[in-house]
Amino acid sequence: MSNELNILPELIFEISKEGKVGYSFRDIDISDDLIAIDKSKLREDIKDFPELSEVDVVRHYTNVSKLNHSVDSGFYPLGSCTMKYNPKINEKIASLKGLNTHPYSPTDCVQGNLEIIKELEKWLVNITGMHGFTLVPAAGAHGEFAGMMVIRKYLESKGDARKIVLIPDSAHGTNPASAHFAGYDIKEIPSNEDGVLDAKTVKEYLNEDVAALMMTNPNTLGIFEKNIMEIADLLHENGSLLYMDGANMNAFMGIVKPGDIGADVIHLNLHKTFSTPHGGGGPGSGPIGVTKELVQFLPVPLIIEGKDGYSVNYFNDAGIGRIKNFYGNFLVIVKALAYLMALGKENVSKVAEDAVLNANYIREKLKDVLDLPFKSKTLHEVIFSDKDLPVTTLDIAKRLLDYGIHPFTIYFPLIVHGAMMIEPTETESKETIDAFIDVMKKILDEAKKDPEYLKGAPYNTPVRRLDEVLAARKPVLKWINEENEG
Amino acid sequence: MSNELNILPELIFEISKEGKVGYSFRDIDISDDLIAIDKSKLREDIKDFPELSEVDVVRHYTNVSKLNHSVDSGFYPLGSCTMKYNPKINEKIASLKGLNTHPYSPTDCVQGNLEIIKELEKWLVNITGMHGFTLVPAAGAHGEFAGMMVIRKYLESKGDARKIVLIPDSAHGTNPASAHFAGYDIKEIPSNEDGVLDAKTVKEYLNEDVAALMMTNPNTLGIFEKNIMEIADLLHENGSLLYMDGANMNAFMGIVKPGDIGADVIHLNLHKTFSTPHGGGGPGSGPIGVTKELVQFLPVPLIIEGKDGYSVNYFNDAGIGRIKNFYGNFLVIVKALAYLMALGKENVSKVAEDAVLNANYIREKLKDVLDLPFKSKTLHEVIFSDKDLPVTTLDIAKRLLDYGIHPFTIYFPLIVHGAMMIEPTETESKETIDAFIDVMKKILDEAKKDPEYLKGAPYNTPVRRLDEVLAARKPVLKWINEENEG
Amino acid sequence: MQYFPLTDKQREEIKKEIGIKDIKELFSDIPQEKAWYSLDNLPNALPENELLKRFEDLGDKNTYSDYLSFLGGGAYNHFIPEVVNYLSNRSEFLTPYTPYQPEVSQGSLQAMFEYQTMMAMLTGMDFSNASLYDGGTAAIEGALLALRKSKKNKILVAENLHPEYMEIIYSYVQNLGIEVEQVRYNRETGKVELDELKDKLNSEIGGFVFQSPNYFGVIEESKEISDIVHSEKKAYSVQVVAEALSLPFLTPAGDNGVDIIVGEAQSFGLSLSFGGPYLGFIAAKKEFLRQMPGRLVGQTKDVDGKRGFVLTLSTREQHIKRENATSNICSNQAWCALRAGIHLSTLGKSGLSKISKLNHLNTAYFVKEIEKFDFVNVKYKKDFFNEVVLELKNDNGIEFLEKLKNRKIFAGIPLKWFYKDADNQVLINFTEMHNKADIDLLVKEIGDLK
Amino acid sequence: MQYFPLTDKQREEIKKEIGIKDIKELFSDIPQEKAWYSLDNLPNALPENELLKRFEDLGDKNTYSDYLSFLGGGAYNHFIPEVVNYLSNRSEFLTPYTPYQPEVSQGSLQAMFEYQTMMAMLTGMDFSNASLYDGGTAAIEGALLALRKSKKNKILVAENLHPEYMEIIYSYVQNLGIEVEQVRYNRETGKVELDELKDKLNSEIGGFVFQSPNYFGVIEESKEISDIVHSEKKAYSVQVVAEALSLPFLTPAGDNGVDIIVGEAQSFGLSLSFGGPYLGFIAAKKEFLRQMPGRLVGQTKDVDGKRGFVLTLSTREQHIKRENATSNICSNQAWCALRAGIHLSTLGKSGLSKISKLNHLNTAYFVKEIEKFDFVNVKYKKDFFNEVVLELKNDNGIEFLEKLKNRKIFAGIPLKWFYKDADNQVLINFTEMHNKADIDLLVKEIGDLK
Ligand SMILES: Cc1ncc(COP(=O)(O)O)c(C=O)c1O
Ligand SMILES: Cc1ncc(COP(=O)(O)O)c(C=O)c1O
């Protein structure tokens with residue numbers, strides 16, 4: 001609810017009041033005399049910590065939440081992020097009491113949970129054509145790291161760790177960062193004028209130091225790396241491996257299996273392709289799948305399906321070891337499995353078909369009014385640029401906010417100047433997409449008529465353009481009680 | 001999120017699209033041949049009925065919900081409505097699977113639910129000092145009706161049904177309406193200049209035709225009917241009964257028991273005093289409590305606590321019979337009991353104390369800037385009037401909306417010209433109330449400086465002042481598909 | 001305690017401001033000799049986690065969770081998509097009051113307007129109100145509406161109306177000088193005796209209240225009934241529906257000439273919840289508008305010309321008309337109507353058709369399967385919707401059900417509860433929540449009882 | 001299927017618009033000989049109600065629900081007020097992406113800023129980031145942060161660090177040329193051997209990673225440890241905390257001179273959930289700002305001068321710095337941090353103090369009660385927080401726990417899993433969710449094992 005003064009909610013610390021209590025819990029019935037810790041180690045008071053009643057907390061977070069745009073309130077075509085609708089039944093399922101067990105419960109008491117993990121592994125194996133999966137990684141980047149570690153372990157096992165990983169210039173930043181933490185040097189490899197990797201170019205970059213190529217497919221331009229099989233062959237001949245960043249699997253799941261076209265390792269983002277909500281930045285889940293040769297190097301724990309049920313292998317000397325506590329982000333796994341079971345095998349490819357259809361529809365409808373830097377076929381997203389426009393990509397993005405639409409991804413990938421990366425996903429209706437197209441055209445009209453006005457956008461958001469330079473130059477990363485300071 | 005065009009959500013029918021499906025359910029595996037109904041009785045198609053996918057439904061209702069003010073988003077001092085905070089744990093409890101049984105389940109299979117009903121009855125008996133309760137009535141008005149029926153049944157059993165019920169001029173409209181449906185004629189009785197009933201006046205109105213007096217206490221002016229005991233004696237001497245409308249019990253629960261000061265019948269509003277959420281207009285629950293003499297006339301079903309557990313009495317020839325299906329609004333009962341159990345006996349009176357404290361604080365702070373039509377002590381609410389103001393109560397109410405505050409009740413009770421009926425409740429913090437007081441003063445300043453501006457308020461709400469006359473003169477009570485009409 | 005935001009310090013500050021020393025001063029109008037009692041018989045405050053545990057334990061005392069249930073009779077176990085829970089629990093919908101300030105209540109108002117429209121579509125009537133308490137009170141409100149309009153005080157009611165609804169009608173009318181007369185049902189077909197209806201109809205009668213599908217699950221001849229009723233001037237047909245899921249499957253009441261339709265819409269997104277809160281509905285022909293009980297939401301415009309919604313035609317209601325109001329109802333079942341709206345939107349046209357049809361087919365499947373036993377007999381084999389009466393040749397209904405209960409099946413409701421001549425009859429309900437295997441099991445277990 | 005809003009008709013319209021006949025044309029870049037496979041091994045679509053039932057059944061396969069549990073070891077069963085669930089499940093919080101567009105993400109951003117502040121307050125450090133994956137990955141991020149700052153590549157780690165965290169550290173460093181050396185703990189006190197720490201410290205060492213309360217539940221001498229570490233230039237003390245609920249009870253790390261604190265904050269409003277999602281945290285002294293891994297939310301102003309929040313200092317991060325980033329983390333555990341913020345606000349200052357104290361007192365009560373048996377022995381009797389090691393005189397840990405499991409008690413974790421010399425030791429955790437009766441029962445059942 002907007003109000004006359006358009007005042008933003010205060011910070012929780014600013015509404016705190018000494019002596020307020022927001023929880024209820026039974027009184028302590030054990031004497032303080034039993035305290036077995038040196039007084040010197042005990043804390044006095046948590047200075048400035050919030051004191052609120054339950055109603056204060058509820059109102060605060062309710063009103064704070066209202067400042068957010070979300071998938072449930074409108075279109076969110078954030079490229080590379082696959083912001084699809086998150087089914088509500090999955091939240092209900094993830095909250096079932098029966099699934100809420102301690103991770104160190106005896107194995108025979110958590111057979112249901114282990115079955116969930118194993119079931120999802122099976123789905124992913126079947127969808128990707130990889131031989132085995134681990135669901136431990138906490139997010140895509142974590143999966144990449146695990147995947148590159150597996151590759152290195154495998155190469156080491158053959159006595160040849162190698163030094164270099166090739167990564168296309170259009171790759172997501174996590175790729176080089178993850179490869180780096182797996183101990184590799186990165187060599188950037190250019191894509192061609194069609195926006196994809198040439199087999200010829202790859203060949204030029206290959207030598208005995210190359211451990212792997214990390215390829216995002218479809219790549220961050222939304223274009224399918226059509227030379228993938230040829231490239232995979234070249235890599236394999238060279239003793240190198242093909243790592244596929246599968247964060248964009250929404251583009252072709254159910255249509256082709258990465259394992260069938262040369263991928264040795266792949267990670268998936270459950271919080272993208274498999275519809276688990278992103279929660280304002282996480283938690284995610286980034287399972288990795290590998291070929292038969294690599295399975296033995298997967299991180300622990302490994303879930304084993306046996307005759308008498310499921311068991312867990314906590315130690316595996318051959319593997320890369322442990323990369324995260326317990327079994328991964330279990331509830332995210334639960335939601336992804338629920339999503340797939342609701343979808344059913346018959347609908348997996350329909351996801352990709354509709355996602356690609358929607359993206360190509362937007363491409364078709366906007367290609368005459370916006371610059372299309374690459375003319376190649378695109379799959380689940382389309383990238384335009386701000387070339388020849390009187391305003392920038394940023395201005396258009398900010399203006400979209402005024403129309404209640406979340407902007408596309410902007411200025412990524414870096415190889416496109418002023419990129420607008422639009423990914424509608426299959427869970428958007430034609431009505432929503434048509435409305436978006438209309439708004440885009442309207443904004444482009446506005447830009448022609450009054451570019452200055454757009455540079456001032458947004459006008460109707462809880463706050464307007466924020467000073468990011470100030471934030472970085474004088475970092476204020478926590479609330480300071482000025483009463484104490486003064 | 002506001003947007004450039006400030007467009008309201010369309011109606012669900014307007015976003016419907018032929019062929020969309022929003023649910024999933026297994027296919028039918030039984031042949032149509034088994035249909036055992038005459039074709040002529042079967043329906044073809046539900047014309048114009050919505051067709052949407054799940055994401056459409058979620059976005060629609062999410063965005064529609066945002067047009068509401070609610071207790072969880074801010075202050076809601078709606079007099080006579082006791083809009084207190086609704087604890088979240090109660091919602092969780094009401095959703096427990098174990099409580100969700102069929103009302104015709106065998107009695108031995110629903111002992112938990114029957115215990116819940118009986119437990120709440122006990123709480124209410126103890127708080128009110130009445131002898132017995134029924135939790136069947138669906139809301140306050142329904143309780144009034146049941147209560148007046150009980151009174152009539154009782155008088156009839158003594159061979160003297162009588163004709164008239166006395167109701168003060170300040171009473172809530174449901175009182176006369178309910179008494180009317182119990183077959184009584186209503187005689188209005190005036191309150192005195194202190195805003196309460198005089199024993200003397202009551203005496204004047206008493207005669208052998210008077211079945212009962214319906215008294216709201218504290219009355220709708222927030223004033224305690226201090227002559228209640230004297231009046232009760234007069235009534236009882238006259239063979240008449242005292243019905244107490246307990247919708248305002250928040251003012252003195254835990255402080256005095258209505259049964260101890262002369263009430264023969266009382267109804268409570270669980271959706272007010274006992275903190276169950278009002279849901280935009282219901283469901284409520286309006287239990288009635290009665291004295292020993294009247295217990296036998298309560299409606300069925302009656303829950304009986306015995307040695308072997310709880311049983312249900314479905315038939316009671318002496319009583320008023322059945323007034324509602326099953327056991328009342330059971331989940332509302334659950335929430336009220338959870339609220340009381342969380343409160344504990346030690347805090348019941350604290351509710352009233354804080355509620356009255358808050359109301360008197362507002363009274364104190366605004367009494368110099370607003371007219372106080374009655375100078376008597378007030379309890380849980382305070383009533384001002386718009387006397388001598390350059391604007392009306394309506395203008396002030398509408399202007400409050402611009403500040404994100406829900407207005408008080410306006411123009412009720414009818415005996416106060418331009419009434420502003422303010423009830424803060426005990427779940428509001430001093431900070432919230434101080435902010436309200438500040439806004440009120442600010443608005444009164446604005447009113448002095450620019451009354452015309454206030455007459456145009458609100459300015460910052462999803463819609464502005466609505467044409468109620470148009471709505472009533474040309475009623476449009478459903479959406480019409482104009483395509484069909486044309 | 002988390003529900004009191006005032007701190008002790010603030011309490012003192014406020015007391016000082018208002019010039020009192022002791023909180024008791026604020027309550028001095030209250031007879032002091034009776035005041036400040038203590039609540040010794042009641043328990044102390046329970047912290048949140050123990051509170052939850054307590055109710056979980058109470059739930060465990062309801063020992064039924066793995067029973068197969070065929071209980072219906074006015075409360076039905078239907079599929080509720082999770083979105084209904086998720087959306088209706090948004091605090092924006094759950095925690096506001098009645099939309100008295102329309103400018104900040106368009107959420108509730110629009111949802112109610114949509115609900116009214118959907119109910120009008122489903123019933124084929126001109127308009128619907130915004131809810132009544134439940135099916136039983138809706139039945140009497142429907143009867144009273146017919147009488148108000150006809151200005152008469154005698155009404156006919158079908159004998160096979162839901163027995164609880166019947167009791168409610170008798171309770172309500174007892175002091176209103178209204179006469180109720182019953183019209184018997186045919187023991188062969190389970191339907192209203194049209195001849196008797198014709199016989200009993202006369203110029204003093206303001207209307208006829210009948211249920212369809214009736215209490216035995218049988219669909220009445222609504223059109224013929226309405227025609228008969230209309231043969232008398234100012235007499236109205238009032239159809240009661242206890243199973244709203246029949247609406248999408250059957251010819252709408254409006255097309256059958258029904259004047260007023262009332263009933264229970266629990267089947268639209270409300271869980272069984274031991275009987276409540278449920279959702280009473282009422283819809284009628286245009287001419288009943290000014291006599292309608294309860295709230296109505298209407299469309300209008302704001303000062304800028306924007307479409308908006310308000311509570312309207314409130315001159316019918318108690319807060320204006322007081323004892324002359326069309327009903328005493330104030331708080332209604334708004335949130336239940338919201339849930340119904342979400343539920344109906346989610347199922348949509350095709351979902352409603354499919355699921356209501358499945359209800360019928362499951363029932364029909366049972367009727368077919370149970371034929372093989374000669375010691376039981378489905379009493380009304382034609383025109384049932386999702387309930388049937390099973391007649392037992394060698395058993396009494398209560399014992400029969402007890403035996404099946406011992407096999408973890410709640411097989412139905414003993415009609416003996418309500419009808420003197422129905423000792424050996426039970427009412428069995430089938431919904432889309434049953435699959436073939438469930439029905440096969442019921443049939444098998446009944447067979448085993450022989 | 002409810003997740004596809006396009007209708008067949010619309011699909012055809014779109015195909016026409018974009019000029020294709022067959023959807024396959026859009027996928028023609030894909031090697032066709034490999035494309036269009038079918039998923040024969042997988043099941044068909046499950047409707048919503050059957051899906052729910054399926055997972056309920058899976059939950060039932062986790063046979064434990066009425067067991068009394070004393071399992072801890074990095075995952076703790078704490079009280080979560082219902083408001084945490086209610087508020088965090090608002091779709092405004094649950095369904096947005098990372099707040100890349102701050103103008104429409106102030107909700108997430110403000111909540112994160114508040115979380116950062118609370119974590120800084122609880123740890124006594126200058127600042128906190130907006131979350132890491134979990135405690136184990138936070139431990140290695142803390143170690144790497146110390147090394148980046150020190151520009152060295154050798155680090156000391158306490159032997160009594162959580163064994164899983166230790167494994168994670170070894171996994172992560174294997175290809176980074178980083179050397180890890182362990183510092184033993186004292187077998188009498190359960191604490192780090194300070195002499196060994198001194199011995200092993202030298203100018204090549206970039207820091208010391210230790211846990212407090214450590215894996216055995218014992219509170220380390222953080223201050224002394226930090227002093228020792230600081231005796232070497234550019235060496236940093238990194239405290240790991242696996243039980244965040246100890247923070248409100250114990251002297252803050254900042255006051256003890258700790259440079260970096262990392263750990264697991266599952267105890268702040270996250271359910272056990274079979275191990276995830278949990279919440280990694282990291283906070284540090286100011287000077288580590290530019291080397292911090294993960295996201296940071298900072299305060300700034302908008303063009304109108306209003307306060308607002310943005311993701312800031314992102315030049316540390318992978319999307320800018322790529323292989324030179326301080327970490328590869330991108331998606332983090334934002335929603336878990338939101339829950340922590342709500343949880344901490346609800347408990348508040350007094351609630352946190354009370355509940356953390358109750359954790360300690362329950363543990364102390366057990367230590368006292370178990371003393372009466374001479375066949376078991378609490379190994380470290382001083383300075384524990386809410387976990388203790390129980391040493392068994394005549395039993396091996398795994399068998400001991402198996403026996404108690406047969407009595408429906410999960411009594412703890414066998415240390416044998418992780419330590420070769422701990423065959424007869426088990427780790428037992430007590431939280432506020434246990435009451436005296438629970439502890440008494442555990443003691444009794446242990447007594448019965450004699
Ligand atoms: C192509 C690509 N790869 C990797 C990632 C990293 O995934 P996460 O954020 O889950 O770590 C992303 C997500 O932004 C991505 O779009
Ligand atoms: C004093 C009083 N009496 C009776 C009622 C009627 O209660 P309900 O709306 O629950 O029918 C109300 C509610 O508005 C009231 O304030």
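Here is the naming used below: chain letters follow the sequence lines, and residue numbers restart at 1 for every chain.
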(request) Heavy-atom distances under 4.5 Å only: say whether B/D72 touches chain D with side chain, backbone, both or neither. (result) side chain

(request) Nearest 0.5 Å please: distance from the OG1 atom of B/T62 over to the CD atom of D/E92. (result) 7.0 Å

(request) With side chain to side chain contact (heavy atoms under 4.5 Å, CB included) as the test, would you mind laying out the steps for D/Q10 and B/E18 before giving the verdict? (result) CA-CA 10 Å; D/Q10 290 177 323; B/E18 197 185 321; over 6 Å; no

(message) Just to be sure I understand the criterion: a residue of residues 14-24 of chain D counts if one of its heavy atoms is under 4.5 Å from a heavy atom of chain B. Which ones qualify?
(response) none

(request) Could you tell me whether the side chain of B/V55 reaches within less than 4.5 Å of the side chain of D/Y3, counting heavy atoms only? (result) no

(request) Report, as yes or no, whether the 6.0 Å neighbourhood of atom NZ on B/K47 holds more than 12 heavy atoms from other residues, nucleotides or ligands. (result) no

(message) Strictly below 4.0 Å, N to O, side chains only: are B/R26 and D/E50 in salt-bridge contact?
(response) yes

(message) Can you tell me how far apart OG1 (D/T7) and CD (B/E51) are? Round to the nearest 0.5 Å.
(response) 9.5 Å

(message) Closer than 3.5 angstrom, by distance alone: can the side chain of B/S24 be matched with the main-chain N or O of D/E48 as a donor-acceptor pair?
(response) yes

(message) Can you tell me how far apart NZ (B/K20) and CG (D/L6) are? Round to the nearest 0.5 Å.
(response) 7.5 Å

(message) Is it the case that atom CZ in D/R54 sees more than 12 heavy atoms from other parts of the structure closer than 6.0 Å?
(response) no

